[in-house]
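Below you'll find the structure, written out as structure tokens, and then a few comments.
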Amino acid sequence: MFASWGIGLLAFRQDDLRRALPLLERAVDMCHEADFPALFPWMAPALGAAYTLSGRVADAVPLLTQALEQTIATEMGGFQAFCSLPLGEARLLAGSLEAAYTLAERALALACEHQESGHQAYALRLLGEIAARRDPPQVELAAAHYQQALALADELGMRPLQAHCHRSLGTLYAVT
């Protein structure tokens with residue numbers, strides 16, 4: 001299970017969804033088959049994020065919702081931000097801005113509470129994306145969230161997130 005998850009996660013991080021999806025699906029299936037419910041919130045977010053990026057938002061949302069609900073029910077505070085962020089991304093892509101906003105705000109609060117700076121940075125970027133997609137776009141708020149996420153990403157050496165923040169800022173400024 002961990003081998004499939006780890007290799008699948010590596011493929012996902014390398015943007016190889018064709019290779020990542022079957023491995024991550026196998027890890028989640030093995031988690032269910034072996035009856036390891038405590039590991040499900042660890043395995044499911046990667047698969048849900050891969051589903052989202054591959055355009056399978058309808059598959060991602062129930063999986064990620066189940067993982068988040070399980071972390072809340074079992075009071076796994078450290079995993080709640082971890083599960084909320086990919087669900088927020090999926091909700092955003094599905095056009096549910098308010099649901100995405102609620103998840104991002106909750107993820108940010110939990111990440112701050114548990115001193116998870118990386119999750120704080122991702123939550124701030126997600127809040128920036130939400131603000132940028134509002135109608136009309138909340139340009140100043142989006143830029144502020146992106147800048148905060150970028151500052152944390154710089155501090156933590158999170159280069160992919162830095163690149164996403166720079167791209168999002170560029171897109172925001174180009175559109176406005």
Side-chain angles (χ1 to χ4, degrees), residues 1-94 96 99-100 103-104 106-108 110-111 114-129 146 149-150 152-168:
M1 176 175 46
F2 281 109
S4 292
W5 174 77
I7 296 168
L9 186 60
L10 178 62
F12 172 70
R13 297 283 184 220
Q14 293 173 337
D15 224 11
D16 186 354
L17 294 175
R18 184 187 56 74
R19 194 178 73 173
L21 281 168
L23 289 163
L24 294 171
E25 287 170 336
R26 182 171 182 232
V28 170
D29 288 344
M30 291 172 75
C31 184
H32 286 303
E33 290 168 9
D35 196 26
F36 285 134
L39 296 179
F40 180 74
W42 192 347
M43 304 287 160
L47 179 57
Y51 280 159
T52 300
L53 285 180
S54 66
R56 295 173 57 184
V57 176
D59 293 326
V61 170
L63 178 74
L64 293 166
T65 300
Q66 180 185 359
L68 179 59
E69 287 171 352
Q70 188 172 333
T71 62
I72 293 169
T74 57
E75 298 178 1
M76 297 171 69
F79 279 92
Q80 289 179 24
F82 183 66
C83 293
S84 295
L85 289 168
L87 180 56
E89 293 278 351
R91 291 286 191 188
L92 176 64
L93 290 179
S96 302
L103 288 160
R106 180 167 166 68
L108 181 60
L110 288 164
H114 294 280
Q115 299 178 346
E116 299 169 345
S117 300
H119 288 141
Q120 288 175 17
Y122 278 109
L124 287 164
R125 190 199 67 74
L126 179 55
L127 286 168
E129 291 292 316
Y146 289 142
L150 182 58
L152 268 174
D154 285 341
E155 181 182 319
L156 298 170
M158 301 170 73
R159 292 190 321 198
L161 182 57
Q162 292 168 342
H164 284 289
C165 290
H166 282 297
R167 189 192 84 225
S168 295

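- Closest non-hydrogen pair, A49 versus F12, comes out as CB-CZ, 3.6 Å.
- A distance of 10.0 Å separates CG of L10 from CZ of R13, quoted to the nearest 0.5 Å.
- F2 pairs by the ring pair (Phe, Tyr, Trp, His ring centres under 6.0 Å) definition with W42, not counting sequence neighbours.
- In terms of heavy atoms, L24 sits closest to L9 at CD2-N, 3.7 Å.
- Listed by chain and residue number, R56 satisfy the salt bridge (charged side-chain N to carboxylate O under 4.0 Å, His left out) test with E25 (two or more places apart in sequence, or in another chain).
- H114 meets the ring pair (Phe, Tyr, Trp, His ring centres under 6.0 Å) test with no other residue; sequence neighbours excluded.
- Between V61 and L87, the shortest heavy-atom contact is O-CD1, 3.9 Å.
- Closest approach of L150 and C165 over heavy atoms only: N-SG, 3.8 Å.
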Verdict with supporting geometry, L68 and L103, side chain to side chain contact (heavy atoms under 4.5 Å, CB included): CA-CA 10 Å; L68 179 59; L103 288 160; 3.6 Å; yes

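- The CE atom of M158 sits 9.0 Å away from the CD atom of Q162 when rounded to the nearest 0.5 Å.
- Going from atom CD1 of I72 over to atom CD of Q80 covers 5.0 Å, rounded to the nearest 0.5 Å.
- To the nearest 0.5 Å, atoms CG (L126) and OG (S84) are separated by 10.0 Å.
- For the pair A104 and L127, the tightest heavy-atom approach, listed with the atom from each and the gap, is CB-CD2, 3.6 Å.
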Any chance you could lay out the side chain to side chain contact (heavy atoms under 4.5 Å, CB included) test for L93 and E89, step after step, and finish with the verdict? CA-CA 6 Å; L93 290 179; E89 293 278 351; 5.6 Å; no

Could you go step by step and tell me if Y146 and E129 meet the side chain to side chain contact (heavy atoms under 4.5 Å, CB included) rule? CA-CA 8 Å; Y146 289 142; E129 291 292 316; 2.8 Å; yes

Which donor-acceptor pairs under 3.5 Å do side chains of residues 115-123 form with protein atoms, sequence neighbours excluded?
| residue | atom | partner | partner atom | Å |
| --- | --- | --- | --- | --- |
| E116 | OE1 | H119 | ND1 | 3.0 |
| Q120 | NE2 | A111 | O | 3.4 |

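- At a threshold of 4.5 Å between non-hydrogen side-chain atoms, the residues M43 and D29 do not count as touching.
- Between the side chain of S54 and the backbone N or O of Y51, at least one donor-acceptor pair lies under 3.5 Å.
- With rounding to the nearest 0.5 Å, the separation of CD in E69 from SG in C83 is 11.0 Å.
- Note that CG of L161 and CZ of R125 are 7.0 Å apart. Values are rounded to the nearest 0.5 Å.
- Not counting sequence neighbours, the partners of F40 by the ring pair (Phe, Tyr, Trp, His ring centres under 6.0 Å) test are H32.
- Pairing each heavy atom of P41 with each of A38, the nearest pair is CD-O, 3.5 Å.
- Residues L21 and L47 meet the side-chain proximity criterion, which asks for heavy atoms closer than 4.5 Å.
- When the salt bridge (charged side-chain N to carboxylate O under 4.0 Å, His left out) test is applied to R19, the partners found at least two apart in sequence or on another chain are D16.
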